[in-house]
Amino acid sequence: NIDSFFFLGDNIYGDTPSGLPWKLKSSYELQKKAIPSWIQSVDLYSIWDDHDYGKNNAGADYEFKQKAEELYLNFWNVPMDDVRRSRPGIYYASVKLINNKKVLIVGLDTRYFRSDIQRVKGVHLPNLEPSATILGAEQWDWLKMTLNIDHDLLILASSIQVIPTEHRFEKWSNIPAERDKLIKLLANHSVPTLIISGDRHRGGIYQYKNVLEVTSSSLNRNSSQNVETDTLLLGQTYTQNNFGLLTIDNDSLAVELIDKHNNTLESASISF
């Protein structure tokens, strides 16, 4: 009985070591058959991550990114007059009225413009170059302008985690200056803010000052049982299949991480 559903990236596994986009096309064809019909009856939102971008851990230098974007936009039935059809990147914003609250939903593109991140023995190293970026200049300008839209609640979607800093995988802190820039922007935002993220095959809820982040991952590809924590983690992380549930009423936003047996693993709330 949900009103909306957000796919947070890695919505298919269409990447190849070469980056050739042939598997993206066949993976989308399979996914079209796999998505249940009830999903089509609710508001759908989506962003992408590396596995539906076309190459594992890829960023701005991925040579087939324009073809990947075309396949993505077609699969998600993005209208031909949508701005995403006329400019690089799949980032976008939408305002949804929920219980008389104006909810600004922002989907970021953390792939198309992202600078290179080196990986050594499975550890993603920080890129300290002054020009290194995740969003790119145009998307940054767009984001700052978009946050001026009148709204009561901000839900910001990032495929990779923003708040956590201590694990070895992809995250915003791989480019520390970019993370600091985004965290300061959101912490100083006058409206209640929630980040939603995926990617990790591990779920958890994190907090930095007045900003919450819920990572719900994954729906059907659970991870190993290794314990993982973080200074900014609330509670613990969970490797079983899970999803996030957001419930908005007149006074607050309730955030829950739920497993496939409908058990609430972790929860938090934001008051308006």
Legend entry - Pair Q161-H167, side-chain contact (heavy atoms from CB on, under 4.5 Å): steps then yes or no: CA-CA 10 Å; Q161 290 180 308; H167 61 75; 2.8 Å; yes
Legend entry - Spacing of S267 atom OG and L257 atom CG [to the nearest 0.5 Å]: 9.5 Å
Please set out all donor-acceptor pairs under 3.5 angstrom arising from side-chain atoms of residues 116-126, sequence neighbours excluded.
from	atom 1	to	atom 2	distance (Å)
D116	OD2	Q118	NE2	2.3
H124	ND1	R168	O	3.0

Legend entry - Interatomic distance, D49 atom CG to N57 atom CG [nearest 0.5 angstrom]: 8.5 Å
Inset, instruction - Decide whether S271 and S252 meet the rule of one side-chain donor and one side-chain acceptor closer than 3.5 Å. - result: no
Legend entry - Flag side-chain contact, heavy atom, 4.5 Å: V83 against Y91: no
Legend entry - Side-chain heavy-atom pair T146, I149 within 4.5 angstrom cut-off: yes
Legend entry - Distance (rounded to the nearest 0.5 Å) between F64 CZ and L24 CG: 10.5 Å
Inset, instruction - Output yes when a side-chain donor or acceptor of Q236 lies under 3.5 Å from a complementary backbone atom of T229, and no otherwise. - result: no
Inset, instruction - Grab the two heavy atoms, one from S27 and one from G14, that are nearest each other, plus how far apart they are. - result: OG-CA, 3.5 Å
Inset, instruction - Would you check if the side chain of R202 reaches a backbone N or O of S223 as a donor-acceptor pair within less than 3.5 Å? - result: no
Inset, instruction - Keeping the roles fixed (side chain from N263, backbone from D259), state whether a donor-acceptor pair exists under 3.5 Å. - result: no
Legend entry - Verdict with supporting geometry, V162 and S197, side-chain contact (heavy atoms from CB on, under 4.5 Å): CA-CA 8 Å; V162 177; S197 57; 5.9 Å; no
Inset, instruction - Please list all pairs passing the salt bridge (Lys or Arg N to Asp or Glu O under 4.0 Å) test where one or both residues lie in residues 19-41, with sequence neighbours left out. - result: K25-E29
Inset, instruction - Begin from the C-alpha positions of L108 and L143 and carry the test side-chain contact (heavy atoms from CB on, under 4.5 Å) through to its verdict. - result: CA-CA 9 Å; L108 297 180; L143 176 59; 4.3 Å; yes
Inset, instruction - Using atom types as modelled and distance alone, determine if a side-chain donor or acceptor of Q207 lies under 3.5 Å from a backbone N or O of L234. - result: no
Inset, instruction - Check whether L73 and W22 end up in the same hydrophobic cluster, where Ile, Leu, Val, Met, Phe, Trp and Tyr are linked by side-chain heavy atoms less than 4.5 Å apart. - result: yes
Legend entry - Check: E213 side chain, I163 main-chain N or O, donor-acceptor pair, under 3.5 Å: yes
Inset, instruction - Kindly state each residue pair satisfying ring-ring contact (aromatic ring centres under 6.0 Å, His included) with at least one member in residues 29-54, sequence neighbours excluded. - result: F6-Y45, Y13-H51, W48-Y53, W48-Y72, Y53-Y62
Legend entry - 4.5 Å side-chain heavy-atom contact, Q66 and E69: no
Legend entry - Check: Q240/H261 side-chain N/O donor and acceptor closer than 3.5 Å: no
Legend entry - Expected output: side-chain N174 to main-chain K171 donor-acceptor under 3.5 Å: yes
Legend entry - Check: Q40 and L44 side chains under 4.5 Å, non-hydrogen atoms: yes
Legend entry - Shortest non-hydrogen contact from N242 toward G203: ND2-N, 3.8 Å
Inset, instruction - Could you list the residues that satisfy side chain to side chain contact (heavy atoms under 4.5 Å, CB included) with A132, not counting sequence neighbours? - result: S115, N127, E129, I175
Inset, instruction - State which residue, out of T110, D50, D10, fulfils the side chain to side chain donor-acceptor pair (under 3.5 Å) condition with S159. - result: T110
Inset, instruction - Keeping the roles fixed (side chain from T193, backbone from V191), state whether a donor-acceptor pair exists under 3.5 Å. - result: yes
Legend entry - Pair Y112-Q139, side-chain contact (heavy atoms from CB on, under 4.5 Å): steps then yes or no: CA-CA 10 Å; Y112 203 98; Q139 188 176 182; over 6 Å; no
Inset, instruction - For E166, look at atom CD and say whether over 12 heavy atoms of other residues, nucleotides or ligands are found less than 6.0 Å away. - result: yes
Inset, instruction - Quick one: closest heavy-atom pair of A268 and L212, and the distance? - result: CB-CD1, 3.9 Å
Legend entry - Heavy-atom closest pair, residues P176 and L128: CG-CD2, 3.8 Å
Legend entry - Contact list for residues 188-201, test salt bridge (Lys or Arg N to Asp or Glu O under 4.0 Å), sequence neighbours left out: R200-E228
Inset, instruction - Can you sort out the partners of T264 under side-chain hydrogen bond (donor to acceptor under 3.5 Å, both in side chains), two or more places apart, ordered by chain and number? - result: E256
Inset, instruction - Indicate if F169 and I195 have the same hydrophobic cluster label, given that clusters are the connected sets of ILVMFWY residues with side-chain heavy-atom separations under 4.5 angstrom. - result: no
Inset, instruction - Consider only side-chain N and O atoms of D52 and N11, and report whether a donor and an acceptor are under 3.5 Å apart. - result: yes
Inset, instruction - Name all residues meeting the salt bridge (Lys or Arg N to Asp or Glu O under 4.0 Å) criterion together with R84; count only those two or more places apart in sequence or in a different chain, and write none if there are none. - result: D82
Inset, instruction - With sequence neighbours left out, write down each residue that passes side-chain hydrogen bond (donor to acceptor under 3.5 Å, both in side chains) with E266, or none if nothing qualifies. - result: Y238
Inset, instruction - Please check if the side chain of D109 supplies one atom and the backbone of I90 the other of a donor-acceptor pair under 3.5 Å. - result: yes
Inset, instruction - Find out whether W172 and L135 are in side-chain contact, i.e. whether some heavy atom of one side chain is under 4.5 Å from a heavy atom of the other. - result: yes
Inset, instruction - Taking all heavy atoms of L219 and all of F5, pick out the closest pair and write down the distance. - result: CD1-CZ, 4.1 Å
Inset, instruction - Could you tell me whether the side chains of E178 and T133 share a donor-acceptor contact shorter than 3.5 Å? - result: yes
Legend entry - Beyond-backbone contact of V106 with W142, side-chain heavy atoms, under 4.5 angstrom: yes
Inset, instruction - Tell me, please, which residues at least two apart from E170 pass salt bridge (Lys or Arg N to Asp or Glu O under 4.0 Å). - result: R111, R114
Inset, instruction - Just grab all the salt bridge (Lys or Arg N to Asp or Glu O under 4.0 Å) pairs involving residues 230-248, residues at least two apart or on different chains. - result: none
Throw together a table of side-chain donor-acceptor distances under 3.5 angstrom for residues 96-104, partners on residues two or more places apart or in other chains.
from	atom 1	to	atom 2	distance (Å)
K96	NZ	D43	OD2	2.5
N99	ND2	I248	O	2.6
K101	NZ	N250	O	3.4
K102	NZ	D150	OD2	2.7

Inset, instruction - Write down the atom of S216, the atom of L8, and the distance for their closest heavy-atom approach. - result: OG-CD1, 4.0 Å
Inset, instruction - Decide yes or no for L245 and T247: does some side-chain heavy atom of the first lie under 4.5 Å from some side-chain heavy atom of the second? - result: yes
Inset, instruction - Not counting sequence neighbours, list each pair that qualifies as a ring-ring contact (aromatic ring centres under 6.0 Å, His included) and has a residue in residues 147-166. - result: H151-H189
Inset, instruction - Measure the OG1-CG distance between T239 and N226 for me, rounded to the nearest 0.5 Å. - result: 8.5 Å
Inset, instruction - To the nearest 0.5 Å, tell me how far I205 CD1 sits from L265 CG. - result: 9.0 Å
Legend entry - Student check: side-chain heavy atoms of I134 and L182 closer than 4.5 Å: no
Inset, instruction - Report yes or no: do I35 and L30 belong to one cluster of Ile/Leu/Val/Met/Phe/Trp/Tyr joined by side chain heavy-atom distances under 4.5 Å? - result: no
